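These notes are about the structure you will find just below.
Nothing here was measured: the structure is a model prediction, and the numbers come from that model.
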Amino acid sequence: MASKKGVRIIITLECTECRTNTDKRKKGVSRYTTEKNRRNHSGRVEFKKYCPYCNKHTIHKETK
């Protein structure tokens with residue numbers, strides 16, 4: 001049987017400030033996993049989520 005690609009896919013969101021800022025509270029990068037609809041959001045998405053390493057709400061962008 002041929003595999004069928006679904007409409008909803010699982011994506012990983014990564015904190016943008018943890019990647020660039022070396023002077024932060026803890027070492028590490030905040031990552032969240034979520035789903036997105038391939039038809040509604042064809043490009044990369046970004047959300048404002050809480051980062052425990054930065055200790056504040058920051059922008060999290062979709063990674064590959």
Side-chain angles (χ1 to χ4, degrees):
M1 293 194 128
S3 70
K4 192 166 109 176
K5 286 191 175 182
V7 176
R8 300 194 66 78
I9 56 172
I10 297 173
I11 59 169
T12 304
L13 301 172
E14 191 173 76
C15 179
T16 56
E17 290 191 20
C18 285
R19 296 180 78 193
T20 58
N21 190 7
T22 57
D23 183 39
K24 56 187 172 186
R25 204 177 87 154
K26 298 180 195 173
K27 292 188 176 187
V29 177
S30 174
R31 289 191 179 101
Y32 287 95
T33 57
T34 187
E35 289 185 348
K36 79 169 184 178
N37 191 325
R38 190 188 313 251
R39 291 183 188 151
N40 294 342
H41 301 284
S42 58
R44 296 201 177 200
V45 295
E46 56 184 44
F47 294 110
K48 199 164 187 182
K49 308 277 285 175
Y50 179 75
C51 177
Y53 299 104
C54 298
N55 201 24
K56 59 184 174 181
H57 283 82
T58 59
I59 294 177
H60 285 64
K61 290 186 179 179
E62 179 182 346
T63 61
K64 281 191 170 181

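- The two residues Cys18 and Ser30 come nearest to each other via the heavy atoms SG-N, 4.2 Å.
- Partners of Tyr32 according to the ring-ring contact (aromatic ring centres under 6.0 Å, His included) rule, which considers only residues two or more places apart in sequence or in another chain, are His60.
- When the ring-ring contact (aromatic ring centres under 6.0 Å, His included) test is applied to His57, the partners found at least two apart in sequence or on another chain are Tyr50.
- Among residues two or more places apart in sequence or in another chain, the side-chain hydrogen bond (donor to acceptor under 3.5 Å, both in side chains) test is passed with Lys48 by none.
- For CD1 of Ile9, the number of neighbouring non-hydrogen atoms (other residues, nucleotides, ligands) closer than 6.0 Å is greater than 12.
- Looking at heavy atoms from C-beta onward, Leu13 lies out of side-chain contact with Lys61 at the 4.5 angstrom threshold.
- For Glu14, the side chain to side chain contact (heavy atoms under 4.5 Å, CB included) criterion is met by Arg19, Val29, Arg31, Thr63, not counting sequence neighbours.
- Not a single side-chain hydrogen bond (donor to acceptor under 3.5 Å, both in side chains) links Thr16 to another residue, sequence neighbours left out.
- For Lys36 (side chain) and Ile11 (main-chain N/O), no donor-acceptor pair under 3.5 Å exists by modelled atom type.
- For Glu35, the side chain to side chain contact (heavy atoms under 4.5 Å, CB included) test picks out Arg8, Ile10, with sequence neighbours left out.
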